[in-house]
Amino acid sequence: MKKRTIWIIACAMGISFAALIFMQVFYFNKIVEMRQRQFDENVKRALYQAVHSIELKETQTTIEKEIAANDSTHRDQLRTEMEGLQPAPPALPLDPDGISPKIGMGLQRPNTAIADRVRERFINQKNLLNEVIYSTLYHPVDIPFERRINRNDLDNALKTELQHNGIDLKQVAYHFQVLTIDGREVARCPDYEEGFGDAVYKQPIFPNDPPSQSGFVVVRFPHVGNYIYESARFVLPAIIFTFILLVMFIFTIFTIFRQRKLSEIKNDFINNMTHEFKTPIASINLAAQMLSDRNIEKSEERIAHLSRIITDESKRLKFHVEKVLQMSAFDRSDTATLKFQELEANTVIEDVVATFRLQVENVHGTIESHIDAEDPIVQADPMHFTNLIYNLLENALKYRKPDVPLELHVATYNKDNQLCISFKDNGIGIRRENLKHIFERFYRVPTGNVHNVKGVGIGLAYVASVVKAHKGTIHVDSNYGIGTTFTISLPLLDA
């Protein structure tokens, strides 16, 4: 797939995901705002109803007390009047039949008076009730404001009305206090607290009474934001899954580009490896043909020369194959192929330097070693440790300046319970933008118009893998056109 096509697909999908996330977040905020407004309306309605019930209860209690007191007084007065209207009747003479016609007439008058008095009593009670209601509602209350508020009654009223208006008190708590008009506290709930960010609601109590007889109830809801967001949490899974899909998409695009880059690098590796193999194979083939050609005179000197060519090119082929096999071994099992043992690093480094000295002198260069480490004992794999030293020396030889004799310095020293090994050269150096890639597999530093540098880009990657397997670190300092210094730090055996 072309790079342009990948970018078009990535941009289209990215815009789609961004729009989807924006819409989800937008609607989530709208839902939170709606739930907040609904919560405010429910709380205000509950406060109004709670305060109204308190006022209604006080009015009802006052009226019942007034009616009871006035009704008792009027009953006493009526009883006294009734007793005064019913004297003992005098004795009347009987007619010859034993019945006096005056008795019925005498009894009729008291019965009529009692009925009239009862009627007047009900009329008086009705007038009394109107008077009590009028005096209760339209006359100022003499009871102090703090005595008109009962904390338990107010708490019960608030709890009842909040629950009736859909506020789940198991998820959100409330605190209340009662204040006078001038801000003086009259009552509060036992666990009252003031916190930053609390939702505060205020409702007047007895607003129609004089200022000295009225006040406010203040209700606080701590952490109401959590309650609001909890009620809208059903939207969060969709947003979370969308973010997960976005991350997976970004990772997929990154993987596609990485695989495309690796494919290009592997193609370059195959081309370079083919070129590296082609030259020695062609040399071996030509030498073999010359040995087998009967028309060519075969002197001992010529045979020795052709044999040396075949041997050298065979070693060259073997060296490249070993590099690939070493890298492949680390890919399969990392440290499983290493055979650690106690190793005296100074001796190994001196032996490698002595072996490599001939190659440096063949290009008119010099190599110096400063083996100053007092404690060179490390836990290492001898074969891979030796290859590590050889690869760094070969890297310095490969990237030398063509017109300046190579100066290579190898040193060992101890620092912070570690064995440090440095390789310093005066080669062409490495640009800063290339330093972070030199330990990547198949990566080769561009050499511009210089085409005499051969390799397949796995030498430094192998070095980094070996150092990591030995629990060490590798650091590189380089100035382009001046030279490069590689420093390896390995833990000592007794560290």
Side-chain angles (χ1 to χ4, degrees), residues 272-273 275-288 290-291 299-324 326 346-371 383 385-412 421-430 438 444-460 462-463 476 478 480-486 488:
N272 292 331
M273 184 59 71
H275 177 74
E276 293 292 333
F277 283 168
K278 184 184 296 184
T279 302
I281 290 174
S283 299
I284 293 172
N285 187 34
L286 180 60
M290 294 179 66
L291 286 174
S299 61
E300 292 183 2
E301 182 179 354
R302 183 181 295 274
I303 292 174
H305 175 68
L306 294 176
S307 299
R308 189 168 55 254
I309 291 176
I310 293 174
T311 302
D312 292 342
E313 296 300 329
S314 297
K315 290 181 179 179
R316 184 177 175 185
L317 280 174
K318 181 181 178 182
F319 175 75
H320 289 307
V321 171
E322 285 181 351
K323 274 191 173 182
V324 176
Q326 291 168 359
N346 284 345
T347 302
V348 176
I349 294 173
E350 287 179 341
D351 292 342
V352 175
V353 169
T355 303
F356 200 78
R357 189 181 303 276
L358 181 61
Q359 298 185 43
V360 174
E361 291 175 352
N362 285 338
V363 295
H364 308 289
T366 58
I367 180 171
E368 297 180 3
S369 60
H370 304 276
I371 310 301
M383 183 189 71
F385 184 79
T386 303
N387 290 336
L388 180 151
I389 304 301
Y390 186 83
N391 279 333
L392 288 175
L393 294 176
E394 184 195 26
N395 190 75
L397 181 63
K398 185 187 302 182
Y399 290 95
R400 69 185 185 277
K401 294 178 182 178
D403 54 346
V404 177
L406 174 63
E407 295 179 3
L408 183 56
H409 301 270
V410 181
T412 64
I421 311 169
S422 68
F423 303 84
K424 183 178 180 181
D425 63 60
N426 63 339
I428 60 177
I430 306 172
I438 60 174
R444 298 186 63 200
V445 176
T447 56
N449 294 326
V450 180
H451 301 287
N452 59 345
V453 178
K454 298 180 181 181
V456 293
I458 60 176
L460 291 180
Y462 169 75
V463 169
V476 57
S478 183
Y480 185 71
I482 298 178
T484 304
T485 301
F486 286 91
I488 297 174

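All of these numbers come straight from a predicted model, not from anything done at the bench.
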Begin with the C-alpha distance, continue with both residues' side-chain angles, and end with the deciding distance and a verdict on side chain to side chain contact (heavy atoms under 4.5 Å, CB included) for Ser314 and Ile284.
CA-CA 8 Å; Ser314 297; Ile284 293 172; 3.6 Å; yes

Full working for side chain to side chain contact (heavy atoms under 4.5 Å, CB included) between Leu408 and Glu368:
CA-CA 6 Å; Leu408 183 56; Glu368 297 180 3; over 6 Å; no

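Between the CG atom of Asn346 and the CD1 atom of Ile371 there is a distance of 5.5 Å, given to the nearest 0.5 Å. Taking OG1 of Thr355 as the reference point, atom CG of Asp351 lies at 6.5 Å (rounded to 0.5 Å). Considering NZ of Lys398 and CG of Leu393, their distance stands at 12.5 Å, rounded to 0.5 Å. Ser369 OG to Arg357 CZ: the interatomic distance, rounded to the nearest 0.5 Å, is 6.0 Å. To the nearest 0.5 Å, the span separating CG on Asn362 from CG on Leu406 amounts to 12.0 Å. Atoms CD1 and CD1, from Ile428 and Ile482 in turn, are 13.0 Å apart once rounded to the nearest 0.5 Å.
When atom types are taken as modelled, the side chain of Asn395 and the backbone of Asn391 share no donor-acceptor pair closer than 3.5 angstrom. Panel note: side chain Lys424, backbone Glu407; no donor-acceptor pair is recorded below 3.5 Å.
Counted within 6.0 Å of NE2 on His370, heavy atoms from surrounding residues, nucleotides or ligands total more than 12; the atom is thus considered enclosed.
When all heavy atoms of Lys401 and Gly481 are compared, the closest pair comes out as NZ-O, 2.6 Å. Here the closest heavy-atom approach between residue Val360 and residue Ile367 is recorded as CG1-N, 4.2 Å. Ala287 and Ile309 get closest at one heavy-atom pair: CB-CG2, 4.4 Å. Scanning all heavy atoms of the two residues, the minimum distance from Phe385 to Ile421 falls at CZ-CD1, 3.9 Å. Listed here is the closest heavy atom pair of Leu306 and Leu291: CD1-CD2, 3.6 Å.
For Asn426, the side chain to side chain donor-acceptor pair (under 3.5 Å) test picks out no residue, with sequence neighbours left out. Under the ring-ring contact (aromatic ring centres under 6.0 Å, His included) criterion, Phe356 pairs with Tyr390, not counting sequence neighbours. Under the side chain to side chain contact (heavy atoms under 4.5 Å, CB included) criterion, Thr484 pairs with Asp425, Ile430, Val476, Ser478, Phe486, not counting sequence neighbours.
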